[in-house]
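See below for the structure under consideration.
For reference, positions follow the sequence shown, starting with 1. Every number for a ligand or one of its atoms is a count from 1 in the order of the listing.
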Amino acid sequence: MSFDTIIRGGSVVTATDTYPADVAIAGGKIVAIGADLSSSGVGQNAKVIEASGKLVLPGGIDVHTHLDMPFGGTTSADDFETGTRAAAFGGTTTLIDFAIQYKGQALRQAFDTWMGKAASKAVCDYAFHCIMTDVSGGQLAEMNDLVREGVTSFKLFMAYPGVFMLDDGSIFKALQRTSQNGGLICMHAENGSAIDVIVQQALAEGKKAPKYHALTRPTTAEAEAVSRAIALAEMAGAPIYIVHLSCNDALEKVREARDRGLPVYAETCPQYLYLSIENFDAPGFEGAKYVFTPPLRDKWHQEKLWQGLQRDHLQVVSTDHCPFCFKEQKEMGKDDFTKIPNGGPGVEHRMSLIYSGGVARGRFSANRFVELVSTTPAKLFGLYPRKGTIAVGSDADLVVFDPKRKHTISAKTHHMRVDYSMFEGIEVTGMPDVVLSRGRVVVEGDKFLGKAGQGEFLRRAMYAQVNG
Ligand code: URP
Ligand code: ZN
Ligand code: ZN
């Protein structure tokens, strides 16, 4: 065997260790980790990527994106090509997106439709959760088939009545299924029925500006739903993963459940760590840029969420990347906040935002950073140890990351196909220099070297296989 590539002289960072080593790649896999690999016989003809002074990280895994998704009367602006490309620029080499089962459909139909959207376009590897909006037919039994095909997690909604929301009985039945088939339910936890009443009352009072999106979705509505979801999962004997947790009230429910030893997990997203309800003070209709669900909260919640990440009350940072352009898409709700498509762009900047706010600010170690953005996502969603770590035999999804490089985020320079940035003007410390997907360099500085269709669909193991 000879090495194809050697990443030389960097500091290898995993969820547990940091140490100086070269990393050698052959056939898309990591085949050796050690000192001075380029001077060995097998390393002499290898391409060398210099990493001295840099960190060598496992590729980021973003377990919550919505590419090419019909929603709110329009379709999210990034498809699987532009979205995975932007992800790669930010050091994220695996995405788990959502295949949506609409009412009356088989789950298989959702899976086939989303495979059709991704297969010829993705530039890095991808997988799917299945969103279930109807379990009145054979869909519960079908969950087992999907799990066997490597779609081992399912997103359910306690919000968006009439669109995605399921009643508690249906949720409970789906949880019972995963307790048997080893899968994992991801929950959008907000009390959709109560929120709907508050929204209708606000509209009747003429409150139609973007900020009312946030003011009609109180933190209590999220905390109540998180608590109910946990109770349903406990009764069903199933694990549960709360998506896009936004506030301290909800965090407290997760913390209490974990203190009781329940298999309860939660993610938050960079927008909840960096932005707040104050963003709705932007002039004119600009507040629409920050309309996503759950909404932005009072600023003090941010530090509580950072603490949650530090103390393992939160286990994952994803993005909930669901981009809609300001022009023409967000503008659909100019006269009524309920018509603004819900979602924001973020897939490109997750790694830098979390490294910057977490490690560079001294809130947690580089190892904890890797755990939050790569290793735990891989473990919970059945990709470990193929993804999520730097080990012999793992895929060579690797990021040469400059921990000192500063960058000011802007829509002028980002790669997402959207006309604004939620994080415009924020300066981060820590940027990817070189990004490899299964051994191929896909990003080098500002050059994109990947190709559409190079990304592979990942059949995932069951939650229960990796997590006991
Ligand atoms: O506003 C959001 N989060 N849009 C995407 C759909 C969802 O609820 O995750
Ligand atoms: Zn959601
Ligand atoms: Zn989402």
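Under 4.0 Å from any atom of ligand 1, one finds heavy atoms of residues H64, H66, F71, K155, F157, Y160, H188, H244, F292, T293, D320, C322, N342, G343.
Between E81 and R85 there is no salt bridge, since no side-chain N of the basic residue sits under 4.0 Å from a carboxylate O of the acidic one. Salt-bridge check for E456 with R386: passed, with a basic side-chain N closer than 4.0 Å to an acidic carboxylate O.
Cation-pi geometry between K379 and Y384 is satisfied (NZ or CZ under 6.0 Å from the ring centre, within 45° of the ring normal).
Under the 6.0 Å cut-off for aromatic ring centres, Y290 and F292 do not qualify, their centroids lying 6.0 Å or more apart. H66 and F98 have their aromatic ring centers within a separation under 6.0 angstrom. The aromatic ring centres of Y241 and Y265 sit 6.0 Å or more apart.
Partner H64 forms a side-chain hydrogen bond (donor to acceptor under 3.5 Å, both in side chains) with one of H129, H321, E267, R350 and no other, that one being E267. When each of M158, M165, R217, R228 is checked for a side chain to side chain contact (heavy atoms under 4.5 Å, CB included) with N191, only R228 meets the rule.
Here the closest heavy-atom approach between residue C247 and residue E222 is recorded as SG-OE1, 3.5 Å. Contact detail for Y463 and P239: the closest heavy-atom pair is CE2-CG, 3.4 Å.
Atom NE2 is the N, O or S atom of H66 at the shortest distance from the Zn ion (ligand 3).
Near-neighbour remark for the Zn ion (ligand 2): protein N, O or S atoms under 2.8 Å are K155 NZ, H188 ND1, H244 NE2; waters not counted.
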